[in-house]
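Chain A is the first sequence line, chain B the second, and so forth, proteins listed ahead of strands; every chain is numbered from 1.
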Number of protein chains: 2
Amino acid sequence: MQREDLGSLFGRIIRRLIAAEKPLLDGHGLSMWGYGVLTHLAKQSAANQLALATAIGYDKSRLIALLDDLEQDGLVLREPDPADRRNRRVRLTPAGKARLAAVRADIRAMEDDLLAGFTAAERRSLTRMLTRLANG
Amino acid sequence: MQREDLGSLFGRIIRRLIAAEKPLLDGHGLSMWGYGVLTHLAKQSAANQLALATAIGYDKSRLIALLDDLEQDGLVLREPDPADRRNRRVRLTPAGKARLAAVRADIRAMEDDLLAGFTAAERRSLTRMLTRLANG
DNA sequence: GCCTATGATAGGCACATGCATACTAATCTG
DNA sequence: CAGATTAGTATGCATGTGCCTATCATAGGC
């Protein structure tokens, strides 16, 4: 029973993260997946909804209602693609960017708190290794 | 949009881990939570089921059926606590230990594969940091 | 010896998930 | 132009989850 499972470690960490993030997201009227969509769109607008769904690992059927909500809140915009009228491009509105920035500030503060015991070098090393694992 | 969210990183990693672990567990006839129970019991037998549930972060109601299954498969044993007959101690059977060892070998191999690009020093550093985060 | 608290168990509720199907509009292929 | 493919959308199903309530046996406090 030497070393502990990665699965168990990551599982416990994810639980802590979710528990800490949930109230912050609630405070800004965002769901986990809603936040995921905004975050992704901040990096790059989506050429179509299917691409967005696969990019964030969400079900394309479920994405519809999620986008409906975000659009109704004025955070994202679905616009037709003139080149291929089947596609609907999705991008952030200014309000979406603002909302994201606000949540992100809260989340960053929470994460800083979580990493309080880590030196700057450790944090860099950790995020670098996590990124490698995530993109494997 | 400087650094990426911890939540997003951990989320993607967890997805990869689950996708890789699921078939291994299936191959040994274990569910995620079943594996979690066996792993925990290998570290220490549970004084009662409630303690076990909270230790692994599982719902105490749901634990019943899970233990029923594990017991029926001969992997764990529920035995009365002579000191307090409300309690039911839970511990691994030899078959449970054997099953756990088998799954664990598979999982360890999978994890080694996942960490293929990491040096021994990096792995140590990673697990040390993850443990700190998990036990915050 | 009563009253309260605790552990094991059963059951239900609301919700999110992955997965599958179906339908329409638009595009592409031959 | 006809047939196949793709994007968006709606919907349904089985499953798993957290949470909450109820019941029963046992313990412990007073």
Side-chain angles (χ1 to χ4, degrees), chain A residues 7 11-12 14-23 25-26 29-37 40-41 45-72 76-91, chain B residues 7 11-12 14-23 25-26 29-37 40-41 45-72 76-91:
Chain A
R12 268 186 292 155
I14 264 276
R15 278 169 177 265
R16 283 192 69 197
L17 270 175
I18 291 179
E21 248 179 57
K22 190 76 172 34
L25 291 172
D26 284 353
L30 283 178
S31 67
M32 290 281 185
W33 287 112
Y35 176 65
V37 165
H40 181 80
L41 292 181
S45 293
N48 65 47
Q49 301 184 181
L50 186 55
L52 175 58
T54 55
I56 66 172
Y58 197 51
D59 190 79
K60 71 159 189 157
S61 295
R62 311 263 166 212
L63 182 61
I64 310 294
L66 179 54
L67 288 181
D68 287 348
D69 290 349
L70 292 174
E71 196 172 24
Q72 191 150 15
V76 307
L77 220 60
R78 279 191 266 215
E79 43 193 16
D81 178 352
D84 183 339
R85 293 196 334 258
R86 288 171 305 181
N87 290 343
R88 310 190 62 177
R89 292 199 197 131
V90 190
R91 62 177 182 78
Chain B
R12 269 186 292 156
I14 265 275
R15 277 169 177 265
R16 283 192 70 197
L17 270 174
I18 290 179
E21 250 179 56
K22 191 78 174 31
L25 292 173
D26 285 352
L30 282 179
S31 67
M32 291 279 186
W33 286 112
Y35 175 65
V37 165
H40 181 81
L41 292 181
S45 293
N48 64 47
Q49 301 184 181
L50 186 55
L52 175 58
T54 54
I56 65 173
Y58 197 52
D59 190 79
K60 70 163 188 155
S61 297
R62 311 263 167 211
L63 183 61
I64 311 294
L66 179 54
L67 288 180
D68 287 348
D69 291 348
L70 292 175
E71 196 172 24
Q72 191 149 14
V76 306
L77 220 60
R78 279 192 266 214
E79 44 193 15
D81 177 352
D84 184 338
R85 296 204 323 265
R86 289 171 304 182
N87 291 343
R88 309 190 64 176
R89 292 199 197 131
V90 190
R91 62 175 181 79

Undergrad: Check whether any side-chain N or O of A/Tyr58 sits under 4.0 Å from OP1 or OP2 of C/dT17, and answer yes or no.
TA: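 Yes.
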Undergrad: In a check of side chain to side chain contact (heavy atoms under 4.5 Å, CB included) between B/Leu50 and each of B/Lys60, B/Arg88, B/Arg86, which one passes?
TA: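 It is B/Lys60; the other options fail the test.
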Undergrad: Distance check needed: D/dG8 P versus A/Leu66 CG, whole Å only.
TA: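 One finds 14 Å between P of D/dG8 and CG of A/Leu66, rounded.
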Undergrad: Taking only residues two or more places apart in sequence or in another chain, which ones pass salt bridge (charged side-chain N to carboxylate O under 4.0 Å, His left out) with A/Lys22?
TA: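 In terms of salt bridge (charged side-chain N to carboxylate O under 4.0 Å, His left out), with neighbours along the sequence ignored, A/Lys22 is linked to A/Asp26.
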Undergrad: If I take atom CG in residue B/Leu67 and atom P in nucleotide C/dG7, what distance separates them, rounded to the nearest angstrom?
TA: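 To the nearest whole Å, that distance equals 15 Å.
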Undergrad: List for me each residue that meets side-chain contact (heavy atoms from CB on, under 4.5 Å) alongside B/Asp81, sequence neighbours excluded, and say none if there are none.
TA: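 Scan of B/Asp81 (side-chain contact (heavy atoms from CB on, under 4.5 Å), adjacent residues dropped) gives B/Ala83, B/Asp84, B/Asn87, B/Arg89.
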Undergrad: Can you check the A/Leu63 CG to D/dA7 C1' distance for me, whole Å?
TA: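 In whole Å, D/dA7 C1' and A/Leu63 CG are 12 Å from each other.
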Undergrad: Tell me: CD1 of B/Ile56 to P of D/dT17, nearest whole Å?
TA: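 After rounding, the reported distance stands at 10 Å.
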Undergrad: Run the side-chain contact (heavy atoms from CB on, under 4.5 Å) test against B/Ile14 and tell me which residues pass, sequence neighbours left out.
TA: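 Result, side-chain contact (heavy atoms from CB on, under 4.5 Å) vs B/Ile14: A/Phe10, A/Ile14, B/Ile18.
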Undergrad: Any sub-3.5 Å donor-acceptor pair from A/Arg15's side-chain atoms to B/Gly57's backbone N or O?
TA: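 Side chain of A/Arg15 to backbone of B/Gly57, a donor-acceptor pair under 3.5 Å: yes, one is there.
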Undergrad: Does D/dT9 have OP1 or OP2 sitting under 4.0 Å from an N or O in the side chain of A/Arg78?
TA: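 Yes, because at least one side-chain N or O of A/Arg78 sits under 4.0 Å from OP1 or OP2 of D/dT9.
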Undergrad: Rounded to the Å, how far apart are A/Arg89 CZ and D/dA7 P?
TA: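 Spelled out: CZ on A/Arg89 to P on D/dA7 is 15 Å.
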Undergrad: Examine D/dT17: is either OP1 or OP2 under 4.0 Å from a nitrogen or oxygen in the side chain of B/Trp33? Give yes or no.
TA: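 Yes, such a contact exists.
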Undergrad: Compare every heavy atom of A/Pro80 with every heavy atom of A/Pro82, then report the nearest pair and how far apart it is.
TA: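 Closest approach of A/Pro82 to A/Pro80, heavy atoms only: CD-O, 3.4 Å.
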Undergrad: Rounded to the nearest angstrom, tell me the gap between atom CG in A/Asp59 and atom P in D/dA14.
TA: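 So the two atoms are 17 Å apart, to the nearest Å.
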Undergrad: Let's see if you get this right: which residues in residues 15-23 of chain A place a heavy atom under 4.0 Å from DNA chain C?
TA: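 Heavy-atom contacts with DNA chain C come from no residue of residues 15-23 of chain A; none.
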Undergrad: So, using salt bridge (charged side-chain N to carboxylate O under 4.0 Å, His left out) as the criterion, who are the partners of B/Asp59 when residues are at least two apart?
TA: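 Applying salt bridge (charged side-chain N to carboxylate O under 4.0 Å, His left out) to B/Asp59 gives none.
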Undergrad: Listed by chain and number, what are the side-chain contact (heavy atoms from CB on, under 4.5 Å) partners of B/Leu25, not counting sequence neighbours?
TA: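 B/Leu25 satisfies side-chain contact (heavy atoms from CB on, under 4.5 Å) with B/Glu21, B/Leu30, B/Met32, B/Tyr35, B/Val103, B/Ile107 once adjacent residues are dropped.
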Undergrad: Who pairs with B/Leu63 by side-chain contact (heavy atoms from CB on, under 4.5 Å), at least two apart in sequence or on another chain?
TA: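 Applying side-chain contact (heavy atoms from CB on, under 4.5 Å) to B/Leu63 gives B/Val37, B/Gln49, B/Leu52, B/Ala53, B/Tyr58, B/Leu66, B/Leu67.
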Undergrad: Starting at CD of B/Glu71 and ending at C1' of C/dT9, how long is that distance when rounded to a whole Å?
TA: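 Atom-to-atom, B/Glu71 to C/dT9, this comes out as 13 Å.
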Undergrad: What contact category does B/Asn87 fall into here, base, sugar-phosphate, or nothing, at under 4.0 angstrom with non-hydrogen atoms?
TA: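 B/Asn87: backbone/sugar contact only, no base atoms under 4.0 Å.
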Undergrad: Tell me, for nucleotides 21-30 of chain C in 5' to 3' order, what letter each nucleotide earns: B for a base near a protein heavy atom under 4.0 Å, S for only sugar-phosphate near one, - for neither?
TA: -----BS---
Undergrad: Taking only residues two or more places apart in sequence or in another chain, which ones pass salt bridge (charged side-chain N to carboxylate O under 4.0 Å, His left out) with B/Arg12?
TA: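 B/Arg12 satisfies salt bridge (charged side-chain N to carboxylate O under 4.0 Å, His left out) with B/Glu4 once adjacent residues are dropped.
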Undergrad: Please list, chain by chain and in numerical order, all residues satisfying salt bridge (charged side-chain N to carboxylate O under 4.0 Å, His left out) with A/Arg91, sequence neighbours excluded.
TA: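 Result, salt bridge (charged side-chain N to carboxylate O under 4.0 Å, His left out) vs A/Arg91: A/Glu79.
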Undergrad: Does anything in residues 45-54 of chain A reach DNA chain D, meaning a heavy atom under 4.0 Å, and if so which residues?
TA: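 The stretch gives A/Asn48, A/Gln49, A/Leu50 as the residues lying under 4.0 Å from the strand, ordered by number.
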